[in-house]
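Within every chain, numbering begins at 1; the chains are lettered A, B, ... in the order of the sequence lines, protein sequences first and strands thereafter.
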Protein chains: 2
Amino acid sequence: MSDVEIKVENIVASATLGKSIDLPQVAPALEGVEYNLEQFPGLVYKLKEPKTAALIFGSGKLVCTGAKSIEDSKKAIHIAVDKMRTLDPDIPTEFEIKVQNIVASANLMKTLNLEAVALDLENTEYEPEQFPGLVYRLGEPKVVLLLFGSGKVVCTGAKTISDAQLGVEKTKERLTELDLL
Amino acid sequence: MSDVEIKVENIVASATLGKSIDLPQVAPALEGVEYNLEQFPGLVYKLKEPKTAALIFGSGKLVCTGAKSIEDSKKAIHIAVDKMRTLDPDIPTEFEIKVQNIVASANLMKTLNLEAVALDLENTEYEPEQFPGLVYRLGEPKVVLLLFGSGKVVCTGAKTISDAQLGVEKTKERLTELDLL
DNA sequence: ATGTTTTATAAATGGTTTTTTATATACTAT
DNA sequence: ATAGTATATAAAAAACCATTTATAAAACAT
């Protein structure tokens with residue numbers, strides 16, 4: 001059976017600068033930055049290219065969301081950090097970036113009977129009145145698949161692209177084993 | 001130099017039951033329980049004897065505060081868990097209890113010049129207009145001492161009574177070394 | 001018909017919520 | 001004079017705040 005092709009839709013990555021950041025000091029370097037500390041303890045900084053958002057904390061940690069590739073995620077983080085450095089030269093140019101979550105989509109190319117899947121496939125939750133997708137939790141890799149009646153799939157929770165790929169493939173194989181696909 | 005006598009004032013302990021708890025199901029067994037999930041995600045259950053409060057979470061974890069001895073802390077936790085078990089027999093009778101914080105007080109029996117202490121003692125913070133105590137952070141054991149002009153001391157952050165005792169003794173010795181006592 | 005919102009999933013980040021307790025100073029209210 | 005509040009310290013617990021993204025069905029608004 002041929003592999004399923006997945007498409008990376010979202011990357012969540014974190015970065016640790018290794019020093020505290022004075023948020024009010026660096027905020028002017030980030031045009032359009034959102035800063036409401038009563039509501040959320042970080043700066044929200046959005047980039048148009050790559051289209052991402054960065055959450056920036058006083059601890060010197062960042063979270064970047066929205067990138068569609070690991071490269072873009074790193075690029076966005078470096079852009080944000082380079083801008084911050086213009087107002088705080090002690091900010092390092094090298095630091096750790098870690099991919100925390102990868103969201104990927106795929107198409108199984110066949111419709112699914114989710115009621116039957118819910119009955120026969122293990123580790124599932126399906127409440128169609130609440131949400132039209134069926135939640136399927138894999139243990140290895142530790143990812144969560146959302147299965148839709150259209151045959152489309154979302155895989156979330158992966159830390160590597162190969163885990164996302166493997167998660168989707170294992171799901172397809174399991175559905176085929178159970179004659180659900 | 002003789003040892004300082006400390007008095008345990010507060011014990012914070014956590015317990016892990018190892019299974020989820022249906023909070024609305026067990027709440028009736030806890031007379032006077034406070035339950036406002038919009039404000040805080042746990043039940044607040046207070047005992048008169050030992051005089052303690054327990055925070056009870058749906059995850060099956062508890063926090064007990066207010067006991068003045070480790071024995072009393074464990075007793076209070078068992079009382080709360082025994083009551084919960086009357087409405088949820090699957091709750092185990094044996095589970096892990098861990099002391100997380102011990103607050104102890106002591107008297108150095110000599111007044112302190114906190115301005116001088118702030119100048120000569122390392123790792124201190126002293127803002128008398130904000131709070132009349134001087135904050136002194138020890139690394140080993142990792143505790144925090146609050147020093148007051150009266151010579152009274154609060155030691156907090158210890159996980160064992162001997163750490164609290166050692167923290168206070170080391171502080172006294174250090175102050176004596178610096179001729180601040 | 002189009003757009004928006006809600007429902008659900010994962011993940012990182014950090015402050016708040018609640019509870020307790022000694023210490024002590026200032027302030028307010030009764 | 002008493003009482004409460006705030007200031008500060010530690011610690012555990014867990015949900016929310018905000019960010020993103022695919023998927024899709026229902027409901028609502030334009």
Side-chain angles (χ1 to χ4, degrees), chain A residues 7-14 34 36-42 44 46 51-59 61-68 98-106 125 127-133 135 137 143-150 152-159, chain B residues 7-14 34 36-42 44 46 51-59 61-68 98-106 125 127-133 135 137 143-150 152-159:
Chain A
K7 185 186 176 208
V8 173
E9 305 284 2
N10 186 26
I11 302 263
V12 179
S14 63
E34 295 160 45
N36 183 349
L37 280 190
E38 287 173 6
Q39 191 141 326
F40 187 76
V44 179
K46 301 182 182 186
K51 185 172 177 286
T52 55
L55 306 175
I56 303 167
F57 300 89
S59 62
K61 294 196 182 184
L62 289 79
V63 173
C64 174
T65 60
K68 292 202 182 284
K98 185 180 176 190
V99 171
Q100 303 285 7
N101 188 21
I102 295 179
V103 181
S105 65
E125 292 159 47
E127 308 278 352
E129 289 191 5
Q130 213 162 323
F131 182 74
V135 181
R137 298 171 190 283
V143 294
V144 175
L145 292 293
L146 302 180
L147 309 184
F148 296 89
S150 63
K152 297 254 187 101
V153 168
V154 171
C155 173
T156 180
K159 297 247 190 232
Chain B
K7 185 186 177 206
V8 172
E9 304 284 2
N10 187 27
I11 303 263
V12 179
S14 62
E34 295 160 46
N36 183 349
L37 280 189
E38 286 173 7
Q39 191 140 328
F40 187 74
V44 179
K46 300 182 182 188
K51 184 170 178 287
T52 55
L55 305 175
I56 302 166
F57 299 91
S59 61
K61 294 194 182 185
L62 291 79
V63 174
C64 174
T65 59
K68 292 201 181 284
K98 184 180 177 189
V99 172
Q100 303 286 4
N101 187 23
I102 295 178
V103 180
S105 64
E125 292 159 46
E127 308 280 351
E129 290 192 5
Q130 212 165 324
F131 184 75
V135 180
R137 299 174 189 282
V143 294
V144 176
L145 292 294
L146 302 180
L147 310 185
F148 295 90
S150 63
K152 298 255 188 98
V153 168
V154 172
C155 173
T156 182
K159 296 246 190 236

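Annotation for A/G66 and A/T52: closest pair C-CG2, 4.2 Å, computed over non-hydrogen atoms.
A heavy-atom distance below 4.5 Å is not found between the side chains of A/K61 and A/V63. At a threshold of 4.5 Å between non-hydrogen side-chain atoms, the residues A/L55 and A/L62 do not count as touching.
Per the geometry, CD belonging to A/E38 stands 12 Å off P belonging to C/dT17, to the nearest Å. Distance, B/E127 CD to C/dA26 C1': 16 Å, rounded to whole Å. Per the geometry, CG belonging to A/N101 stands 14 Å off P belonging to D/dA22, to the nearest Å. Atom P of nucleotide C/dC27 and atom CD of B/Q130 are separated by 15 Å, given to the nearest angstrom. Straight-line distance from the CG atom of B/L146 to the P atom of C/dT25: 13 Å, rounded to whole Å. Taking atom CD1 of A/I11 as the reference point, atom P of D/dA22 lies 13 Å away to the nearest angstrom. One can place CZ of B/F131 at 12 Å from C1' of C/dA26, the figure rounded to the nearest angstrom. Rounded to an integer number of Å, the gap from CD1 of B/I56 to P of C/dT18 is 17 Å.
Candidate nucleotides D/dT9, C/dA11, D/dT21 were compared by shortest atom distance to the side chain of B/V144, and D/dT9 ranks first. Comparing D/dT20, C/dA22, D/dA22 against the side chain of A/V103 picks out D/dA22 as the nearest. Nearest nucleotide to the side chain of A/V154, out of C/dA24, C/dT20, D/dA22: D/dA22.
Counting any heavy atom pair closer than 4.0 Å across all strands shown, B/K98 reaches no nucleic acid atom. Note on A/V12: a base of the nucleic acid sits closer than 4.0 angstrom, heavy atoms only. When heavy atoms are screened at a 4.0 angstrom cut-off, A/E125 is found touching the sugar-phosphate backbone but no base atom.
Note that the two end axes of the helix from C/dA1-D/dT30 to C/dT30-D/dA1 enclose an angle of 120°, each drawn from 5 base pairs, rounded to 10 degrees.
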Under the side-chain contact (heavy atoms from CB on, under 4.5 Å) criterion, do A/K152 and A/V154 qualify, and how do the steps go?
-> CA-CA 7 Å; A/K152 297 254 187 101; A/V154 171; over 6 Å; no
Verify side-chain contact (heavy atoms from CB on, under 4.5 Å) between A/V153 and A/L146, making sure each step is shown before the conclusion.
-> CA-CA 6 Å; A/V153 168; A/L146 302 180; over 6 Å; no
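Between the side chain of A/T156 and the base of C/dA10, at least one donor-acceptor pair of N or O atoms lies under 3.5 Å.
At D/dT21, one or more side-chain N or O atoms of A/K51 fall inside 4.0 Å of OP1 or OP2 (strictly under the cut-off). Phosphate contact (OP1/OP2 of D/dA24, side-chain N/O of A/S150, threshold under 4.0 Å): present. For A/K7 and D/dT21, the shortest distance from a side-chain N or O to OP1 or OP2 is not below 4.0 Å. Within the 4.0 Å cut-off from OP1 or OP2 of D/dT20, at least one side-chain nitrogen or oxygen of A/K46 is found.
Of the two residues contacting DNA chain D, namely A/T65 and A/A106, the nearest-nucleotide position lying further toward the 5' end is that of A/T65.
Put simply, CD1 on B/I56 and CD on B/E34 are 11.0 Å apart, with the number rounded to the nearest 0.5 Å. Expressed to the nearest 0.5 Å, how far CG of A/N10 lies from NZ of A/K68 amounts to 7.0 Å.
Without hydrogens or angle criteria, A/K159 side chain to A/Q100 main chain gives a donor-acceptor distance under 3.5 Å.
Under the side chain to side chain contact (heavy atoms under 4.5 Å, CB included) test applied with B/T156, the options B/V103, B/L145, B/V12 reduce to a single match, B/V103. Results of the side chain to side chain contact (heavy atoms under 4.5 Å, CB included) test with A/I11 over A/T65, A/V99, A/N101 single out A/V99 as the only residue that passes.
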Shorter than 3.5 Å, N or O on both sides, protein versus nucleotides 13-17 of chain D: list them out with atom names.
{"unit_1": "D/dA14", "atom_1": "OP1", "unit_2": "B/S59", "atom_2": "OG", "d": "2.3"}

